K.L.:
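Questions regarding the structure given below will be posed in turn.
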Amino acid sequence: MIVLGIESTAHTFGVSIVDGKNKKVLSNVMESYTTKTGGMIPSKVGDHHVEVFDKVIAQSLKKARVKLKEVDLISFSQGPGIGHSLRIGTFCAKTLSLLLKKPLIGVNHCIAHLEIGKMMTPAKDPVLLYASGANTQVIAYEGGKYRVFGETLDMGIGNFLDAFGRVLGIGFPAGPKIEEMAKKGKNFVELPYVVKGMDVSFGGLLTNLKQKLKKGYKKKDLAFSIQETIFAMLTEVSERAIAHTGKSELLLGGGVVCNKRLQEMAETMCKERGAKCFILPNEFNVDNAAMIAFLGLEMYKSGMRTKIKDASIRPYERTDSVDVKWRE
Ligand code: AMP
Ligand code: MG
């Protein structure tokens, strides 16, 4: 079975072709919105996706050596995400499904990050540390649903890094640039470490950093200290989720987990408590359509379908509101 997956929840428009029988990614093409200075403006991101969608679909098919008429299933990210972005992917998916007369399946983006990890690594029932632009959640499967054990109380960790990047004038996305700056920083500056129960928060930290910049702290030292602080917060909550659920695997997902320092902290924590840490190649950590195709396939195999009339966007869909019928 050939699955065509479409990802468009935020800054990335991606199309992937997956060979369902052999569980093989034949292509995973993506185009992401970037800026040199400002942040991500939702309407501009929508315009970006409109400009690239046909090219990305064509490139993905070409790379996979698959013809459009050979596609058996269309899977798309239905939510959560930015309305302007979601609308473009949903529109493409519905159109393809109608044109090709092939089934359609809408999937939850956050859960797709977890499912692709299970598909590509030996992990069986991991706790997922999902750290991306808009989302920061610690997720694990319990009683028929993916439960959120901890999450951000305000902005996503990537949005926090990108917001600080806007203050620094380094463009979007800022995370990779802050990682580079952090390598040069040596002096740790104490910053607000905000873990409340199982949740984290970054809003106060952003305000504090703006004040510290004005006071003349070096950018490289702040970048270094930001990473040490916020990644420790995520590692602490992930460890507690592992302890609470009694699971023994941690999977990392989301664009921020491309960060080597976060990977290092997660690996150290897992090693110290005898758990296994699974890290995917970066192309499957960032928003990508291969994970959308894989999850769509699993849902389809369990009998799930999305009717055209139900294929509207779900910008606010919660991870724990999805019935995980495909795992039963
Ligand atoms: P996603 O939404 O999952 O595609 O992730 C995008 C987010 O990941 C953006 O906020 C980026 O700034 C962030 N990001 C990407 N690479 C890194 C990195 N190496 N370190 C920290 N954040 C990163
Ligand atoms: Mg994501």
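Atoms considered below: every heavy atom in the structure, side chains included; atoms not considered: hydrogens, waters and symmetry mates. Small disclaimer: the values here were computed from a predicted structure and weren't measured. For ligands, and for the atoms within them, numbers begin at 1 and follow the listed sequence.
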K.L.:
Which atoms from ligand 1 have a heavy atom of Ser132 less than 4.0 Å away?
P.N.:
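Under 4.0 Å from Ser132, ligand 1 has these atoms: 1 (P), 2 (O), 3 (O).
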
K.L.:
Which of the atoms of ligand 1 are close to Leu161, meaning less than 4.0 Å from one of its heavy atoms?
P.N.:
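Once the distances to Leu161 are compared, the set is 21 (C), 22 (N).
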
K.L.:
At less than 4.0 angstrom from any non-hydrogen atom of Gly158, what atoms of ligand 1 do you find?
P.N.:
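Once the distances to Gly158 are compared, the set is 10 (O).
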
K.L.:
Any N or O of Asp287 that comes nearer than 3.5 Å to an N or O of ligand 1?
P.N.:
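Such a contact does occur with ligand 1.
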
K.L.:
Is the ring pair Phe172/Tyr33 parallel, tilted or perpendicular, if the boundaries are 30 and 60 degrees?
P.N.:
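It falls in the tilted class, 30° to 60°.
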
K.L.:
Which atoms of ligand 1 are found less than 4.0 Å from any heavy atom of His11?
P.N.:
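Ligand 1 atoms under the 4.0 Å threshold to His11: 1 (P), 2 (O), 4 (O), 6 (C).
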
K.L.:
In terms of ring plane angle, is the pair Phe164 and Phe160 parallel, tilted or perpendicular, where the classes change at 30° and 60°?
P.N.:
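Rings of Phe164 and Phe160: parallel, as their planes differ by under 30°.
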
K.L.:
With no hydrogens and no angle check, do the side chains of Glu236 and Tyr193 hold a donor and an acceptor under 3.5 Å apart?
P.N.:
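Yes, Tyr193 and Glu236 have a side-chain donor paired with an acceptor closer than 3.5 Å.
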
K.L.:
Any non-hydrogen side-chain atom of Thr37 less than 4.5 Å from a side-chain atom of Arg166?
P.N.:
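Sidechains of Arg166 and Thr37: no contact.
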
K.L.:
Should you measure from each heavy atom of Pro173, which atoms of ligand 1 turn up under 4.0 Å away?
P.N.:
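Reading through ligand 1 atom by atom, the close ones are 11 (C), 12 (O).
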
K.L.:
Counting only heavy atoms closer than 4.0 Å, does ligand 1 sit against the backbone of Asp162, its side chain, both, or neither?
P.N.:
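It is the side chain that gets close, since no backbone atom is under 4.0 Å.
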
K.L.:
Does the structure place the NZ or CZ of Arg327 under 6.0 Å from the centre of the six-membered ring of Tyr141, at an angle of no more than 45° from the ring's axis?
P.N.:
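Yes, Arg327 sits over the ring of Tyr141.
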
K.L.:
Under the side chain to side chain donor-acceptor pair (under 3.5 Å) rule, collect the residues that match up with Asp199, sequence neighbours excluded.
P.N.:
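Asp199 satisfies side chain to side chain donor-acceptor pair (under 3.5 Å) with no other residue.
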
K.L.:
Hey, which atoms in ligand 1 end up nearer than 4.0 Å to a heavy atom of Glu179?
P.N.:
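Under 4.0 Å from Glu179, ligand 1 has these atoms: 18 (C), 19 (N), 20 (N).
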
K.L.:
According to a 4.5 Å side-chain heavy-atom criterion applied to Ile, Leu, Val, Met, Phe, Trp and Tyr, with indirect links allowed, do Val45 and Ile88 form part of one hydrophobic cluster?
P.N.:
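Not linked; separate clusters.
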
K.L.:
Can you tell me which residue among Ile116, Val29, Val15 is in a side chain to side chain contact (heavy atoms under 4.5 Å, CB included) with Asn288?
P.N.:
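Of all the options given, the one that passes is Ile116.
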
K.L.:
Within less than 2.8 Å, report the number of protein N/O/S atoms around the Mg ion (ligand 2).
P.N.:
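If we list every protein N, O or S atom nearer than 2.8 Å to the Mg ion (ligand 2), we get 4.
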
K.L.:
As an exercise, identify every atom of ligand 1 less than 4.0 angstrom from a heavy atom of Gly254.
P.N.:
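By the 4.0 Å cutoff, the relevant atoms are 3 (O).
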
K.L.:
Taking atom NZ of Lys118 and atom CG of Leu295, what is their separation to the nearest 0.5 Å?
P.N.:
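Output value for this atom pair is 9.0 Å.
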
K.L.:
For residues 47-81, which residue pairs qualify under ring pair (Phe, Tyr, Trp, His ring centres under 6.0 Å), counting only residues two or more places apart or in two chains?
P.N.:
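Found Phe13-His49.
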
K.L.:
To check your reading of the model: name the closest protein heavy atom to atom 7 (C) of ligand 1, its residue, and the distance in Å.
P.N.:
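Nearest protein contact, heavy atoms only, for atom 7 (C) of ligand 1 is Gly133 N, 3.7 Å.
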
K.L.:
Which ligand 1 atoms, with their elements, are less than 4.0 angstrom from a heavy-atom of Gly255?
P.N.:
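Those of ligand 1 that fall under 4.0 Å from Gly255 are 1 (P), 3 (O), 5 (O), 8 (O), 14 (N), 15 (C), 16 (N), 17 (C), 23 (C).
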
K.L.:
Name the atoms and distances for all side-chain donor-acceptor pairs under 3.5 Å in residues 227-235, with sequence neighbours left out.
P.N.:
{"from": "Gln227", "atom 1": "OE1", "to": "Asn259", "atom 2": "ND2", "distance (Å)": "2.8"}
{"from": "Glu228", "atom 1": "OE1", "to": "Arg261", "atom 2": "NE", "distance (Å)": "3.4"}
{"from": "Glu228", "atom 1": "OE1", "to": "Arg261", "atom 2": "NH2", "distance (Å)": "2.9"}
{"from": "Glu228", "atom 1": "OE2", "to": "Arg261", "atom 2": "NE", "distance (Å)": "2.8"}
{"from": "Thr229", "atom 1": "OG1", "to": "Ser225", "atom 2": "O", "distance (Å)": "2.7"}
{"from": "Thr235", "atom 1": "OG1", "to": "Phe231", "atom 2": "O", "distance (Å)": "2.6"}

K.L.:
Quick test: of every protein heavy atom, which one is nearest to atom 20 (N) of ligand 1, and how far off is it to 0.1 Å?
P.N.:
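The closest one turns out to be Asn259 ND2, 3.1 Å.
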
K.L.:
Should Met198 and Arg240 count as side-chain neighbours, where that means a heavy-atom distance under 4.5 Å?
P.N.:
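Yes - at least one pair of side-chain heavy atoms lies under 4.5 Å apart.
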
K.L.:
Between Ala134 and ligand 1, find which residue part has any heavy-atom pair under 4.0 Å and reply side chain, backbone, both or neither.
P.N.:
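Within the 4.0 Å criterion, Ala134 makes no contact with ligand 1.
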
